[in-house]
Amino acid sequence: MRYVILRDDDTNALTPVECLERLYRPFLDRGLPVNLAVIPDVATNALTPEGEREGFLFAKNGTGAQTVPVGDNPELVKYLRENSGFKIVQHGCHHECFEFDRQTPEEIVERLERGLRRLAEAGFPRPVTFVAPHDKLSRASYREVAKRFRVISSGWFERKRLPLAWWPQYLAKKARHAAHWRAGHTVLLSHPGCLLSAKRSFGSMLDQIIRTINNRKLTVLVTHWWEYFPNGSPNEDFIRVLHQTAEYLAAQEEIKVISFVDVARGEAALN
């Protein structure tokens, strides 16, 4: 059996419900879980590492607030809670650039706890998984995240950023050429880049996804909902590839689409 986790990043208080419905109804109807990395208290002036406005803010709609808790969008909260196929993951706190590439434990703890509070206030179950904006965590952030979450999902892991006590497990993972590993009670999952991306060729995208899944025991497929709606308009070709992916995954008896919660419970082989 091979396992697939679909992770969609950047759902937040400004995300239009119709965007998620358009993208993920084929997954939900097939019983395939969709792990949403939700920004708990989105910064309305969030910038990319290149200094550009984050794409998920296209639906900002003129709000003057500096941050907006996800619970301030009752339509979105109601939709996510009514569709149990959506599994909530904590994606930073405000999604400010490199917000967890910090060294001060007090500031890190404040952001982690604020994020957990905002998700709880919206009525979501406490998440077991953390995703750092832009995949950047400092050594101090790794320590604090591991105290609160069972799973860390990232594109890669750098030894110099990891707690020293984790180095033996990390080096053993490197020696095995393994994609995923454990440090104490924490599961650390890497992904093979954003295979579902508007920057890739739509014609070869599904083939690349299939090859990647066939070469791994567990594959984390990462995508971003807002990339399917440039300037607020649907990219039909890109959406078609996403829906073909759902059709493919549902048709394969040797593939099981799971959630991060399943990994935390030890219900899936990692490598």
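Under a 4.0 Å N-O distance rule, the pair Glu158/Arg139 does not qualify as a salt bridge. Contact check on Arg30 versus Glu247 returns no salt bridge, with no Lys/Arg side-chain nitrogen under 4.0 Å from an Asp/Glu carboxylate oxygen. In this structure, Arg111 pairs ionically with Glu99, as a charged nitrogen and a carboxylate oxygen lie closer than 4.0 Å. Glu82 has a carboxylate O that lies under 4.0 Å from a charged side-chain N of Lys78, or vice versa, which qualifies the two as a salt bridge. The pair Glu236-Arg240 does not meet the salt-bridge criterion, since no charged nitrogen lies less than 4.0 angstrom from a carboxylate oxygen. In summary, Glu113 and Arg117 do not engage in a salt bridge, as defined by a charged side-chain N under 4.0 Å from a carboxylate O.
Contact check for Thr129 versus Ile152: no side-chain heavy atoms found under the 4.5 Å cut-off. Cys19 has its side chain within reach of Phe58: a pair of non-hydrogen atoms, C-beta onward, lies under 4.5 Å apart. Counting heavy atoms from C-beta outward, Val38 and His91 have side chains that stay 4.5 Å or more apart. Using a 4.5 Å heavy-atom cutoff, the side chains of Asp8 and Asn35 are not in contact. Contact check for Leu196 versus Leu6: side-chain heavy atoms found under the 4.5 Å cut-off. Between Ile258 and Val263, some side-chain heavy-atom pair lies under the 4.5 Å cut-off. Taking the side chain as every heavy atom from C-beta outward, Val42 and His94 never approach each other to under 4.5 Å. Under the 4.5 Å side-chain criterion, counting only non-hydrogen atoms from C-beta, Leu188 is not in contact with His180.
The line from CG of Asn12 to CG of Leu57 is 7.0 Å long, rounded to the nearest 0.5 Å. Atom NE2 in His191 sits 12.5 Å away from atom OG1 in Thr212 (nearest 0.5 Å). Taking NE2 from His224 and NZ from Lys199, the interatomic distance works out to 9.0 Å, rounded to the nearest 0.5 Å. Atom NE2 of residue His243 and atom CG of residue Leu206 lie 13.0 Å apart, to the nearest 0.5 angstrom.
Enclosure of atom CG in Asn231 is not indicated, since only 12 or fewer non-hydrogen atoms of other residues, nucleotides or ligands lie within 6.0 angstrom.
Taking the six-membered ring where the residue is Trp, His134 and Phe98 present perpendicular rings, their angle passing 60° and hence far from 30°.
Taking the six-membered ring where the residue is Trp, the centroids of Phe157 and Trp181 are separated by under 6.0 Å. Taking the six-membered ring for Trp and the full ring otherwise, the centers of Trp167 and Tyr142 sit at least 6.0 Å from each other. Here His95 and Phe56 bring their ring centres to under 6.0 angstrom of each other.
Leu116 and Val151 fall into different hydrophobic clusters, defined by Ile, Leu, Val, Met, Phe, Trp and Tyr side-chain heavy atoms under 4.5 Å apart, directly or through other members. One hydrophobic cluster holds both Leu221 and Ile210 under the rule that ILVMFWY side chains link at heavy-atom gaps under 4.5 Å. Grouping the Ile, Leu, Val, Met, Phe, Trp and Tyr side chains by contacts below 4.5 angstrom, directly or via other members, places Leu189 apart from Phe149.
In the model, Asp10 has a side-chain atom that pairs as donor or acceptor with a side-chain atom of Trp226 under 3.5 Å. Thr104 and Glu106 are not linked by any side-chain donor-acceptor pair at a separation below 3.5 angstrom, with hydrogens and angles left out of the test. In summary, the side chains of Asn83 and Tyr24 do not present any donor paired with an acceptor at a separation below 3.5 Å, with no hydrogens or angles considered. Side chains of Tyr228 and Thr223: a donor-acceptor N/O pair is present below 3.5 angstrom, by distance only.
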* Apply side chain to side chain donor-acceptor pair (under 3.5 Å) to the pair Arg7 and Ser153, showing each step before the final yes or no. => CA-CA 9 Å; Arg7 189 190 103 191; Ser153 177; 2.8 Å; yes
* Determine, stepwise, if the pair Asp262 / Ser259 fulfils side chain to side chain donor-acceptor pair (under 3.5 Å). => CA-CA 5 Å; Asp262 297 318; Ser259 70; 3.3 Å; yes
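With respect to Thr11, the side chain to side chain contact (heavy atoms under 4.5 Å, CB included) criterion is satisfied by exactly one of Asn73, Leu76, Val89, Ile39: Leu76.
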